[in-house]
2 protein chains.
Amino acid sequence: MLGPHVPELRALELLVVVARTGSLSSAAAEVGISQQAASSRMRTMDSLVGAPLLDRTRRGSALTPTGELVVQWASRVLDAADQLDAGITALRQDRRGHLDIAASLTIAEYLLPSWLVAVRTQQQRLGVPATEFMLTATNSEQVAAMVASGEAQVGFVEGPEPPRDLRNRLVGVDELVVVVAPSHPWASRPSRRVSVHTLAATPLVVREAGSGTRTVLERALADRPTTEPALELSSTAAVRSAVAAGAGPAALSAHAVYDDLAAGRLVRIAITGLELPRLLHAVWKGGAHPPAGPARDLVDWAATSQA
Amino acid sequence: MLGPHVPELRALELLVVVARTGSLSSAAAEVGISQQAASSRMRTMDSLVGAPLLDRTRRGSALTPTGELVVQWASRVLDAADQLDAGITALRQDRRGHLDIAASLTIAEYLLPSWLVAVRTQQQRLGVPATEFMLTATNSEQVAAMVASGEAQVGFVEGPEPPRDLRNRLVGVDELVVVVAPSHPWASRPSRRVSVHTLAATPLVVREAGSGTRTVLERALADRPTTEPALELSSTAAVRSAVAAGAGPAALSAHAVYDDLAAGRLVRIAITGLELPRLLHAVWKGGAHPPAGPARDLVDWAATSQA
DNA sequence: CATGGTCACAAGGCTACCTTGTGACCAGAC
DNA sequence: GTCTGGTCACAAGGTAGCCTTGTGACCATG
């Protein structure tokens, strides 16, 4: 799946740092290796790409045109890696100066990492010591319970309306969308649209019974004659893969398939007379605003970045 | 910049393959390592994250809830890595069964990789042998010359209008946008808007004289009294970093700053009475359509994916 | 002309990872 | 019952890649 010519993350990081600093030595210092090691890493990248990435002169190293291309591509990889980093850091339960966050699955998977990165860089810029986030991902009911009990200072839930006993603020919207593989007959229809009736009569790829997305879908089709699932899988990732491989249509969170739609691995099908929006709320206990500090920063960011 | 808990790309790839196949052994076979090596890699990932990613049973391995989160985050990294892979593959000059592409910088950097990935997966799905793409990134004039001379079968150019002597098709639009750091005074204005006059009077971070984006900008401000640049840098990446660090405003391609805007590292400022759109065209020589085969597939994809 | 900055070459060591070999366990077929 | 093919785990050993240290050449700048 991944070719043999793709450098590892640390090498890509070194490349962009070299691009920024203009020097192998200082870049090496920044990522914590020796100048010689950095030079060697860059040289192996040269051979991976098949062309030199750097103009190495006696007073610094500048990018070649090829290098500049690769830097741009690498930056996107590293952006995603930053979000992964934020997520992993939040999962590791470092218990000094931390903020406990509870979030529903969709939010934890697709939105929260970028918010964490944003708050983190904001803190860096202001010179504030970094907060360690701890993340629990579970269903929306559980999230509400954790916030109510004080286990988490702030929570993020999805659903028709936020829990009554907690304060809330709207931070985004999600929607279930129906997707198929590009080779699926529905994708060839000029309108890329089918009726609710057709959808209900078609075997779908679904999550296991009881999962949030499946419940929403079943409720929306409740008054129609429905058919058996084509395939029942236990993770969103598995459903995405199965649909892309042609196993049949599925309904998934718009956020979950954003990349696949953009890359053309999946095709969105509109359903006449069916919309499945879900509101995403931040929730907390107590005052009109979340507790001052990282919790409030996070909610503020989430609420404003959706604009 | 990148934390110590982020696995390398190959490890992430293994994780998502395990998630898809449901088995360590078959995943190991797919990525070309032994089952034991795969098991060990996954175990080091466990310790990086601080929690097990897999439920390892005697008849397969399924994701834990934590594992599912990490898979989603990792998928985004790998999506970007796929585009990097496509780009690098196109740069490596493998000369068997290839398509020569010439593209202007903006397109080569931001759009082309995803198109290449799309065409590649399309070929895989149809069982067609994969084309080796060869990419030359240069300015739009050069691109037109290469296509005219036959050095490249297809080209992608930006500019007010495509070259007369070539056939063309619109594949997208780009725009120069003005961005500042979130800490910049302009970002605090409620309107996030300044006048052309203010912009012209403000020292900007710019590319070196002669670069495409700088030329467009200077031409647009030609009839205004302008000031000296705040900083002159030789790559788009350097400009982005400098602006994010607070060196001043800059005008950059909308595609170049898409991620930074989404992540909040940069803030877009509207300029009253100034718009700098650029049309992106595919160009080729000869008939009304590009030559059948990969060239046509690529252009078709590019033209339709912009919708 | 000294100094501090750049990068390159060479040798050595170490570590991390991978392979091979083996075993335990489980399900389904016969 | 047991055979077969599938899973994963444990252990030992080798190897290769990478990193550090040491050294040197070169070039600006003061």
Side-chain angles (χ1 to χ4, degrees), chain A residues 1-49 51-64 66-67 71 233-235 238, chain B residues 1-49 51-64 66-67 71 233-235 238:
Chain A
M1 198 156 188
L2 209 55
H5 303 302
V6 180
E8 292 290 352
L9 282 177
R10 261 69 193 193
L12 296 176
E13 185 190 16
L14 177 66
L15 173 66
V16 310
V17 175
V18 170
R20 176 160 48 79
T21 63
S23 144
L24 273 177
S25 344
S26 48
E30 186 164 323
V31 306
I33 60 177
S34 70
Q35 166 260 317
Q36 291 87 335
S39 176
S40 149
R41 259 195 209 174
M42 292 302 308
R43 221 167 269 290
T44 71
M45 289 191 72
D46 284 351
S47 77
L48 284 177
V49 176
L53 266 18
L54 293 180
D55 261 337
R56 296 145 174 257
T57 81
R58 302 300 156 106
R59 43 185 241 281
S61 297
L63 292 171
T64 62
T66 304
V71 163
L233 298 166
S234 61
S235 82
Chain B
M1 199 157 187
L2 211 56
H5 302 301
V6 180
E8 291 291 351
L9 281 178
R10 261 71 193 190
L12 296 176
E13 185 189 17
L14 177 66
L15 174 66
V16 310
V17 175
V18 170
R20 175 161 48 81
T21 62
S23 145
L24 274 177
S25 344
S26 48
E30 185 164 323
V31 306
I33 60 176
S34 70
Q35 166 260 316
Q36 292 86 335
S39 176
S40 148
R41 257 195 211 174
M42 292 303 306
R43 221 167 271 289
T44 70
M45 289 192 71
D46 284 352
S47 77
L48 284 177
V49 176
L53 266 21
L54 293 181
D55 261 337
R56 295 144 173 260
T57 80
R58 300 303 157 108
R59 41 186 242 282
S61 297
L63 292 171
T64 61
T66 303
V71 164
L233 297 167
S234 62
S235 84

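First the proteins, then the strands, lettered A, B, ... as listed; each starts at 1.
Residues meeting the side-chain hydrogen bond (donor to acceptor under 3.5 Å, both in side chains) test with T66(B), sequence neighbours left out: none. Residues that satisfy the side chain to side chain contact (heavy atoms under 4.5 Å, CB included) test with A28(A), not counting sequence neighbours, are I33(A), A38(A). Listed by chain and residue number, nothing satisfies the salt bridge (Lys or Arg N to Asp or Glu O under 4.0 Å) test with E13(B) (two or more places apart in sequence, or in another chain). Partners of Q36(A) according to the side-chain hydrogen bond (donor to acceptor under 3.5 Å, both in side chains) rule, which considers only residues two or more places apart in sequence or in another chain, do not exist here. Remark: S25(A) engages no residue in a side-chain hydrogen bond (donor to acceptor under 3.5 Å, both in side chains) (not counting sequence neighbours). Listed by chain and residue number, R10(A) satisfy the salt bridge (Lys or Arg N to Asp or Glu O under 4.0 Å) test with E8(B) (two or more places apart in sequence, or in another chain). Applying the salt bridge (Lys or Arg N to Asp or Glu O under 4.0 Å) criterion to R56(B), with sequence neighbours excluded, gives no partner residue.
Near DNA chain C, meaning a heavy atom under 4.0 Å away, there are no residues from residues 22-29 of chain B. Within residues 37-45 of chain A, the residues approached by DNA chain D to less than 4.0 Å at the level of any non-hydrogen atom are A37(A), R41(A), in residue-number order. Non-hydrogen atoms lying under 4.0 Å from DNA chain C are contributed by R58(B), R59(B), all within residues 52-64 of chain B.
Read 5' to 3', the first and last nucleotides of DNA chain D with an atom closer than 4.0 Å to a heavy atom of chain B are dT7(D) to dC10(D).
As a whole-Å value, the separation of R10(A) CZ from dC17(C) P is 12 Å.
Between L24(A) and L54(A), the closest side-chain pair of non-hydrogen atoms falls below 4.5 Å. Residues V6(B) and L48(B) have side chains not in contact (no heavy-atom distance under 4.5 Å, counting atoms from C-beta outward).
Looking at D55(A), its side chain never comes within 3.5 Å of a backbone N or O of T64(A) through a donor-acceptor pair. No donor-acceptor distance shorter than 3.5 angstrom exists from the side chain of S61(A) to the backbone of S23(A), with no hydrogens or angles considered.
The salt bridge (charged side-chain N to carboxylate O under 4.0 Å, His left out) analysis of residues 29-39 of chain B, with sequence neighbours excluded, yields the pairs R20(B)-E30(B).
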